[in-house]
Amino acid sequence: MATHTVTLSSDTDWPGFRGEARALLARQVPPEDVVWHTRASAESDLFAALETPRAQGVGSASAIVPPAFVRLCETVVLHDDPDRFGLLYRLLWRLVHEPTLRRDPLDADRVRAQHMAQAVRRDMHKMKAFVRFRPLPQDDGEPTLHVAWFEPDHHIVEAVAPFFVRRFATMRWAILTPERSVQWHPGATADADGGEALPTEGRLDFGPGARREDAPPADAGEALWLTYYRHIFNPARLKLAMMQKEMPRRYWQNLPEAVLIAPLAADAAARSDRMVDAPATVPARRIVPIVRPLLAEEDTSADPAAALAQLQRATDRCRECPIGAHATQSVFGEGPVGAALMVVGEQPGDQEDLRGRPFVGPAGQLFDRALHDLGWSREALYVTNAVKHFKYELRGKRRIHKTPTQHEAQACLHWLESEMAQVRPQAVLALGATAARAVLGRPVAVMRERGQWQTGPRGEPVLVTLHPSALLRGDPQQRDEAYAAWLEDLSKATAMLHAAAGSMQRETAAR
């Protein structure tokens, strides 16, 4: 029969358990001689009056336990299992008297405690995800109180409340559960001596449990949310089994959108068929600039070479996206007007940004090697980038390349189009997804379309392949094979370049 009965102050009294466990351990009281109660359970226990005096004040145990065990205890005490405190004290006792327990991950007590901790963490995650607030107007002039009803499996309300304080710091809210409730009073503003409004600290109050009827009913705002949910529902991505795994049915009764799941799921197949049968839409090719471009077409010179020089100076002043404010300079294209082939990359790199020329860094050196192996002359090409400034992030003193967003690439698109209008290339070589999207005006799957000629918006032939930096980032052991495949892609433009060179030689001889 147990000789020690311990009654903790609450279901989640971790400090009390910690102190009692230390004292019991110091007195060498074995786990089988201890019965653990919480105050709520003791009130209904006929034997609670027989509890022995609490062991606080008796020396402390000299045992040292791993920090992971302390974190495990802090989580397991939130579980609803009435034997959780006994389990944790038994583990503590065994850690002290059985040193090999620390190296036995399959021990039954350890596995059970880990499963309990996992269940608590899952319940905390579900509470964060599935709490839905409804406004409850106040008659006393106080700010509107937003109230939510939730039914957790474990004693997690106090542990999760700080999350909602951080997320809804300025909103007055309350979360009601059957066993425990919490209300947040946000900090008001108080006038300082100078008349400036300063925030005061908020207050978090905990109270007893409530009933579902205490939560407010649905309102017009919830009807708007259901309309939004109905319109963002994608039938093509519906996976009922996965949805019920992440959002178990037991939570549906408290989720407003749950009433829509059954009818939307029933209609999913028909909606998917209608989406497939609908005609394709033509996406917009660019974001309409808010301000007039720095250089309009009517301002450019009639001489293409002079017009390109004007465009280059204008890109230095461009701030239509944030990249230009941090770059050293813009990196404009270079090459002859009327070039047979315009090569378009993604954006300048670190070396290009410092030197103001395209394709002079490591990727440019690999590009030059490919030109030599193919027998091409760089002087016959017009080389440029879809984005004219270097986007990067600092890591220590190094500037690391960062891929431009679609918004940034679209903001820069008119510069590339102006270049193409002046150079008038016979064909375009697009290196990488960003360049291909800018030239073709649509998303491009580079690995599927590489080495193939496509048709651009103006009818120009466009050859898509990898950017040389992709080869540099690849597996070094496969780099030679990848380089050979890349040369094979580029070689598709060799015949066109040779034909253009022969035409120029004939024109020169005729003159």
Side-chain angles (χ1 to χ4, degrees), residues 284-321 323-325 327-348 352-353 355-360 364 367 376-390 404 408-431 434-441 455-463 493 496-497 500-501 503-504 507-508 511:
R285 290 205 66 231
R286 67 167 65 186
I287 297 172
V288 179
I290 299 175
V291 297
R292 183 175 180 271
L294 296 174
L295 187 64
E297 292 184 3
E298 60 268 19
D299 297 333
T300 57
S301 170
D303 176 32
L308 288 172
Q310 288 178 283
L311 290 168
Q312 180 175 10
R313 290 191 294 271
T315 56
D316 274 328
R317 306 189 303 272
C318 180
R319 297 297 181 268
E320 294 182 43
C321 75
I323 302 178
T328 305
Q329 58 191 317
S330 69
V331 180
F332 205 69
E334 61 180 24
V337 172
L341 184 65
M342 172 183 274
V343 181
V344 182
E346 179 192 76
Q347 68 160 350
E352 289 82 359
D353 173 76
R355 296 169 61 180
R357 295 186 57 208
F359 283 83
V360 294
F367 177 67
W376 295 6
S377 170
R378 179 158 176 164
E379 286 70 24
L381 308 176
Y382 188 91
V383 183
T384 189
N385 284 294
V387 176
K388 305 305 182 188
H389 290 97
F390 178 36
E408 291 160 346
Q410 290 283 2
C412 212
L413 180 60
H414 68 92
W415 296 119
L416 178 63
E417 291 179 335
S418 297
E419 273 185 295
M420 296 180 68
Q422 299 299 330
V423 176
R424 297 181 183 275
Q426 297 179 26
V428 178
L429 173 61
L431 303 178
T434 300
R437 185 185 186 110
V439 173
L440 292 173
T455 302
R458 302 176 183 82
E460 71 277 11
V462 179
L463 179 63
M496 183 203 61
L497 283 174
S503 176
M504 291 181 62
E507 291 179 5
T508 302
R511 289 197 294 268

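Below, all heavy atoms of this structure are taken into account, side chains as well, without hydrogens, waters or symmetry copies.
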Just so I know, are the side chains of [X] and [Y] near enough to count as touching, which here means a heavy-atom distance under 4.5 Å?
| X | Y | answer |
| --- | --- | --- |
| Arg424 | Glu460 | no |
| Pro358 | Thr384 | no |
| Tyr382 | Pro425 | no |
| Gln310 | Gln422 | no |
| Val331 | Phe390 | no |

If you look at every heavy atom in Val439 and Pro457, which pair is closest and at what distance? O-CD, 3.2 Å
Between Pro348 and Val387 the two heavy atoms that sit nearest each other are CD-O, 3.1 Å
Would you give the length of the straight line joining atom [atom1] of [X] to atom [atom2] of [Y], rounded to the nearest 0.5 angstrom?
| X | Y | atom1 | atom2 | value |
| --- | --- | --- | --- | --- |
| Lys388 | Asp353 | NZ | CG | 14.0 Å |
| Leu311 | His414 | CG | NE2 | 9.5 Å |
| Arg313 | Ser330 | CZ | OG | 11.5 Å |
| His389 | Thr315 | NE2 | OG1 | 6.0 Å |
| Leu431 | Leu463 | CG | CG | 9.0 Å |

Once ring pair (Phe, Tyr, Trp, His ring centres under 6.0 Å) is applied, do any residues pair with Phe359, and if so which ones, sequence neighbours excluded? Phe367, His467
Report all side-chain donor-acceptor pairs from residues 336-347 shorter than 3.5 Å, counting only partners two or more places apart or in another chain.
{"from": "Glu346", "atom 1": "OE1", "to": "His401", "atom 2": "NE2", "distance (Å)": "2.6"}
{"from": "Glu346", "atom 1": "OE2", "to": "Thr434", "atom 2": "OG1", "distance (Å)": "3.4"}
{"from": "Gln347", "atom 1": "OE1", "to": "Lys391", "atom 2": "N", "distance (Å)": "2.9"}
{"from": "Gln347", "atom 1": "NE2", "to": "Lys391", "atom 2": "O", "distance (Å)": "3.4"}
{"from": "Gln347", "atom 1": "NE2", "to": "His401", "atom 2": "NE2", "distance (Å)": "3.1"}
{"from": "Gln347", "atom 1": "NE2", "to": "Lys402", "atom 2": "O", "distance (Å)": "3.1"}

Start with the C-alpha gap between Arg378 and Glu334, add the side-chain angles, then the distance that decides, and say whether side chain to side chain contact (heavy atoms under 4.5 Å, CB included) holds. CA-CA 10 Å; Arg378 179 158 176 164; Glu334 61 180 24; 3.8 Å; yes
Going by salt bridge (Lys or Arg N to Asp or Glu O under 4.0 Å), name the residues that satisfy it together with Glu352, two or more places apart in sequence or in a different chain. none
